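Notes follow once the structure below has been shown.
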Amino acid sequence: MARARRLELAEALALGPGWRHACYALLHAPDPGILFGRLPLRYAILMQMRFDGRLGFPGGFVDSQDSSLEDGLNRGLLEQLGEAAAAFRVERPDYRSSHAGSGPRVVAHFYSKSLTLEQLSAVEASATGAKDHGLEVLGLVRVPLYTLRDGVGGLPTFLENSFIGSAREQLLEALQDLGLLQSGSISGLKIPAHH
């Protein structure tokens, strides 16, 4: 989705029948872990390696049998993450943003869902048994929310990966808005302006 345009949800839903809708979710949980005895992890955030070699969030296209965006998203989560995704449900209050691309008539809706660390760990454990594992989804990855002493390792290096569509920007916006970063963790990183 190069050159994605941010839309309000009502505007996105009113685009008409020629548009397809896709929904994705950032799943996160507080994480009390300490890396190397000195780096607090603070939060676990899941992303996935996609079939095209790019990082993105779990989810997918809303189908005609889905009665709402959230029904389509929750179906997609079950297909991509396995049975553990049935233990929670992403709902409208978890909605964050919508973006329309300049290419195909697709609008992507982005959600953020807070889980317990136990729920998130169960999702990781069940993902290899999911319908789409090894096909659309090549694996899950946690986002490192720290910067190593060298000033490069951790989040700065992670952000150099290739992301699908607006996923990198959505990640940075969510990290900032949800307060999921230590102060200074994203100094020098370009965070997109949004409203």
Side-chain angles (χ1 to χ4, degrees), residues 1-2 4-9 12-13 15 19-29 43-101 103-115 119-143 158 161-175 177-178 180 192 194:
M1 269 181 21
R5 178 173 57 103
R6 192 179 182 108
L7 303 170
E8 294 299 321
L9 181 59
L13 293 173
L15 287 173
W19 285 79
R20 293 191 67 199
H21 296 266
C23 297
Y24 303 95
L26 178 149
L27 303 176
H28 62 93
Y43 292 90
I45 295 179
L46 289 185
M47 291 192 79
Q48 62 187 20
M49 177 60 67
R50 296 163 32 95
F51 64 94
D52 57 9
R54 292 183 264 185
L55 291 170
F57 295 101
F61 281 104
V62 177
D63 294 335
S64 58
Q65 80 264 13
D66 299 317
S67 61
S68 68
L69 294 176
E70 293 78 20
D71 283 347
L73 174 56
N74 286 292
R75 177 188 46 75
L77 294 176
L78 196 58
E79 290 171 0
Q80 293 183 354
L81 301 175
E83 290 300 319
F88 59 89
R89 185 165 167 80
V90 179
E91 297 287 356
R92 187 61 52 97
D94 301 312
Y95 169 82
R96 297 193 45 76
S97 64
S98 297
H99 292 85
R105 296 167 63 96
V106 174
V107 60
H109 306 280
F110 185 58
Y111 294 74
S112 175
K113 180 70 175 176
S114 181
L115 304 175
Q119 286 174 313
L120 190 127
S121 296
V123 166
E124 289 174 312
S126 78
T128 57
K131 174 185 166 213
D132 289 342
H133 181 78
L135 300 169
E136 290 183 31
V137 179
L138 302 180
L140 297 180
V141 62
R142 287 191 185 190
V143 178
F158 182 83
N161 284 297
S162 180
F163 293 80
I164 186 71
S166 299
R168 183 182 189 276
E169 292 76 19
Q170 290 166 329
L171 172 64
L172 289 172
E173 285 179 15
L175 293 178
D177 293 351
L178 298 170
L180 298 181
H194 63 284

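None of the values given here were measured: they were computed from a predicted structure.
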Heavy-atom pair with the smallest gap, counting every atom of Ser126 and Ala84:
OG-CB, 3.2 Å

Point-to-point distance, once rounded to the nearest 0.5 Å, from CG of Leu27 to CD of Gln119:
9.5 Å

Closest non-hydrogen contact found for Leu81 with Ala85 is CB-CB, 4.2 Å

What is the minimum heavy-atom distance between Tyr24 and Ala108, and which atoms define it?
CE1-CB, 4.2 Å

Would you call Met49 and Leu55 a side-chain contact if the rule is heavy atoms closer than 4.5 Å?
yes

Pair listing, ring-ring contact (aromatic ring centres under 6.0 Å, His included) test, anchored in residues 56-86, at least two apart
Phe57-Phe110

Rounded at 0.5 Å granularity, tell me how far CG in Leu115 sits from CD1 in Ile45.
11.5 Å

d(Asn161 CG, Arg54 CZ) to nearest 0.5 Å is 12.5 Å

One pair to check against side-chain contact (heavy atoms from CB on, under 4.5 Å): Tyr111 and Glu70. What are the steps and the verdict?
CA-CA 9 Å; Tyr111 294 74; Glu70 293 78 20; 2.8 Å; yes

Please examine the side chains of Cys23 and Val62, heavy atoms only from C-beta on, and report whether any two atoms are closer than 4.5 Å.
yes

Which atom names give the shortest non-hydrogen contact between Lys113 and Phe88, and what distance separates them?
CG-CD1, 4.4 Å

Is a side-chain donor or acceptor of Asp63 paired with a backbone partner of Gly72 at a separation under 3.5 angstrom?
no

Output the distance between atom OG (Ser114) and atom CG (Leu120), rounded to the nearest 0.5 Å.
9.5 Å

Please identify each residue that fulfils salt bridge (charged side-chain N to carboxylate O under 4.0 Å, His left out) with Glu83, with sequence neighbours left out.
none

For Gly56 and Ile164, work out which heavy atoms get closest and say how close.
CA-CG2, 3.8 Å

Restricting to non-hydrogen atoms, name the atom on Ser112 and the atom on Arg96 that form the minimum distance, rounded to 0.1 Å.
CB-CD, 3.2 Å

Regarding Glu169 and Arg6, does a basic nitrogen lie under 4.0 Å from an acidic carboxylate oxygen?
no

Check against side-chain contact (heavy atoms from CB on, under 4.5 Å), Leu175 and Leu171:
CA-CA 6 Å; Leu175 293 178; Leu171 172 64; 4.0 Å; yes

Residues which pass salt bridge (charged side-chain N to carboxylate O under 4.0 Å, His left out) with Glu136, listed by chain and number, not counting sequence neighbours:
none

Glu124 bridged to Arg142 by N-O distance under 4.0 Å
yes

Using modelled atom types and a 3.5 Å cut-off, is there a donor and acceptor pairing between side-chain atoms of Gln80 and backbone atoms of Gly59?
yes

Could you check His21 against Leu69 for side-chain contact (heavy atoms from CB on, under 4.5 Å), going step by step and ending with a plain yes or no?
CA-CA 8 Å; His21 296 266; Leu69 294 176; 3.8 Å; yes

Could you walk me through whether His109 and Leu73 satisfy the side-chain contact (heavy atoms from CB on, under 4.5 Å) test, starting with their C-alpha distance in whole Å, then the side-chain angles of each, then the deciding distance to 0.1 Å, before giving a yes or no?
CA-CA 9 Å; His109 306 280; Leu73 174 56; over 6 Å; no

Considering the options Leu77, Asp94, Asp71, which one meets the side chain to side chain contact (heavy atoms under 4.5 Å, CB included) requirement together with Arg89?
Asp71

